[in-house]
Amino acid sequence: MAEIFNVADIFGENVFNDSVMQTRLPKKVYKKLHEAMEEGRDLDLETADVIAHEMKEWAIEKGATHYTHWFQPLTGFTAEKHDSFITAPMENGKVLMSFSGKELIKGEPDASSFPSGGLRATFEARGYTAWDCTSPAFVRQDAAGATLCIPTAFCSYTGESLDQKTPLLRSMEVINEQALRLLRLFGNETSTRVTPSVGVEQEYFIIDREKYLQRKDLIFAGRTLFGAMPPKGQEMDDHYFGAIRQRIAAYMSDVNKELWKLGVSAKTQHNEVAPAQHELAPIYAECNVAVDHNQLVMETLKKVAGRHGLHCLLHEKPFAGVNGSGKHDNWSLTTDDGINLLEPGETPHENIQFLLILTCILRAVDKHATLLRASAANVGNDHRLGADEAPPAILSVFLGEQLEDVIEQLVSTGSATHSLTGSKLETGVKTLPDFMKDATDRNRTSPFAFTGNKFEFRMVGSQDTVAQANVVLNTIVAEAFSEACDVLEKADDFELAVHNLIKKYAIEHQRIIFNGNGYSEEWVKEAEKRGLPNIKSMVEAVPAYIEPENVRMFEKFGVFTKAELESRVEIEYETYAKTINIEARSMIDIAGKHIIPAVIKYTTVLANSLSAVQAACEEADTSVQKELLIETSALLSDTKVALAHLTDVANKASAMPQGPEQANYYHAEVTPAMEALRRPVDELEMIVSKDMWPMPSYGDLLFEVSAF
């Protein structure tokens with residue numbers, strides 16, 4: 001029987017949140033901390049010492065023995081170094097437990113062993129972690145015991161950003177500043193802060209751990225490098241929103257409980273399209289907290305799976321031919337007094353502030369489409385974007401019929417005079433009420449869709465951090481706001497200037513609006529006519545970070561320096577090359593040591609069977625055995641040839657100097673060679689006896705867990 005508990009009783013119980021701080025901190029200290037959080041003031045050491053002491057006492061009550069600065073280096077994962085609260089043994093044999101304000105505010109991990117893109121060399125090891133007091137500390141309980149985790153930024157000895165959080169916090173400050181400029185022009189003098197509000201939907205696969213451990217490709221690469229399609233896939237749509245199986249339900253319940261204790265507001269869970277695929281979504285939070293929470297979600301999904309004899313796959317495409325996993329970054333702007341700047345109201349054609357914000361966002365997305373695409377670029381996403389299951393690689397904006405009609409009016413006549421309203425939808429069943437049909441609708445094929453009072457950026461990969469996407473979104477929209485304010489602040493007639501600017505942006509950037517089927521070939525052709533970029537691979541996407549106009553923008557607003565951008569591009573190329581190299585080496589190892597020997601064993605049995613039948617009866621019909629033997633031998637020969645070619649190009653690639661040339665060679669030569677090896681192997685899987693095939697099949701992996 002499932003454990004019974006009250007969510008309200010456990011929610012946030014392991015978080016040093018505002019209510020805990022109010023209770024435990026002196027009023028003066030609590031006030032100073034909030035001033036630091038809200039106004040960016042530095043904490044004096046005396047105040048930090050009080051906070052650190054209370055945080056330590058609270059954590060020890062939770063069973064904590066160690067603390068760690070929990071940070072997000074440029075690996076896509078989190079990192080931590082644990083220190084105990086023990087400082088020194090006392091004369092009486094007891095031990096002193098302490099935690100100072102200095103230890104809270106700053107740590108010193110090794111900065112040279114993380115990807116740094118040349119910003120740190122091995123002989124320049126020192127890096128700093130700095131407490132992000134806007135994201136609450138928490139106690140994590142696992143096999144290591146209880147650990148106080150302090151969310152931090154990570155930078156080099158000379159101040160360069162070495163992480164995902166530092167530029168994110170910078171971008172949040174920038175959009176706050178520029179959004180407030182815009183609000184002041186519209187007469188808003190009460191809002192004092194504008195914060196990006198983010199909700200991250202997380203997709204993932206769950207498979208049996210025992211089966212996982214029999215797949216070397218999943219262990220090494222996180223995805224299946226070989227695998228024939230099972231008789232049934234996702235074509236019946238019976239898994240999507242279907243009843244959650246008991247084993248998965250128990251797992252989800254455990255995940256929710258863990259997350260609720262950590263203050264992560266996990267709300268929605270359901271079966272996704274593919275068998276064994278699921279989704280979890282939280283309630284919105286401030287941008288940097290939402291990014292931290294998504295990292296906790298991914299860590300928790302993996303950790304809890306092990307307890308249930310399961311394994312969580314976060315790769316964007318763990319199974320070729322089956323729906324992949326993404327992450328939907330729902331983004332909006334909210335003031336400290338509760339105003340959502342992306343709320344159109346009942347008559348959006350009359351909401352001038354909203355129309356200016358909307359057209360500024362259209363301008364930002366159109367102008368920086370390549371940069372947005374780069375923010376969602378990772379190796380796994382190359383298998384997913386544009387695969388008729390996720391957004392296409394072409395950036396476009398879905399507005400829905402109501403807002404698209406308003407933009408059409410602005411473009412065609414220069415003004416908008418009306419807004420479409422929803423019509424009554426009659427159910428035709430007397431016992432069911434009729435209800436109003438929404439005029440906004442939805443479009444699941446759009447990479448950047450307006451969904452009521454927010455935009456849903458659907459391109460981000462399932463295993464990727466959402467930090468990069470939000471850094472770019474915050475900065476490009478801040479730039480658009482800044483440019484609009486530069487014009488409006490000089491205007492003699494504000495109302496006329498606003499009207500003209502909205503019309504100008506609508507006309508100039510209407511090409512980015514598309515409400516149709518983003519998966520269709522017709523859209524690819526239409527997008528090309530419109531001049532919209534279609535960037536299909538990671539190696540094509542990453543140079544956007546160092547395009548001159550993007551460097552100027554990031555440096556103007558202090559989000560990135562040129563050196564930081566160049567380092568990130570170098571890291572992206574290095575990551576791509578290393579990932580493909582691991583996948584290629586895994587294929588070589590599996591094919592050479594497991595698949596080819598298994599096929600030889602099968603052909604030997606087949607040949608012996610053929611000889612035995614012929615020996616028993618010379619006139620026996622052995623055509624089937626002969627055909628199978630010929631077909632299998634031919635595919636085995638193709639496998640051997642493809643294996644030799646992959647080995648050759650992989651060796652050549654790994655010997656090349658790191659950088660764009662190597663990454664592009666991996667993309668152009670090694671990945672096609674991997675596909676060429678996979679083709680005959682997958683055909684062999686359909687022929688060779690199951691008891692001789694050296695690994696579990698797609699059917700075993702996808703359907704066994706969801707069968708009960």
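If you're wondering where the values come from, they're calculated on a predicted model, not measured in any experiment.
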- [ ] Could you list all the ring-ring contact (aromatic ring centres under 6.0 Å, His included) pairs where at least one residue sits in residues 528-570, not counting sequence neighbours?
- [x] F554-F560

Kindly write out the residues that satisfy side-chain contact (heavy atoms from CB on, under 4.5 Å) with [X], not counting sequence neighbours, or none if the list is empty.
X    : result
T192 : D336
A506 : T359, I407, L410, V411
I283 : S265, K267
E540 : I535, K536, S537

TODO: Could you note down all residue pairs passing salt bridge (charged side-chain N to carboxylate O under 4.0 Å, His left out) where residues 183-196 supplies at least one of them, sequence neighbours left out?
DONE: R184-E189

Task: Sequence-distant partners of Y284, ring-ring contact (aromatic ring centres under 6.0 Å, His included), two or more places apart - done: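 Once residues adjacent in sequence are excluded, Y284 has no partner under the ring-ring contact (aromatic ring centres under 6.0 Å, His included) criterion.
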
Who passes side-chain hydrogen bond (donor to acceptor under 3.5 Å, both in side chains) against [X], sequence neighbours left out?
X    : value
H667 : Y576
S396 : none
N470 : D329

TODO: Applying salt bridge (charged side-chain N to carboxylate O under 4.0 Å, His left out), name anything that partners K454, two or more places apart in sequence or on another chain.
DONE: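 K454 satisfies salt bridge (charged side-chain N to carboxylate O under 4.0 Å, His left out) with no other residue.
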
Task: salt bridge (charged side-chain N to carboxylate O under 4.0 Å, His left out) partners of E177, counting only residues at least two apart - done: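 Here no residue qualifies.
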
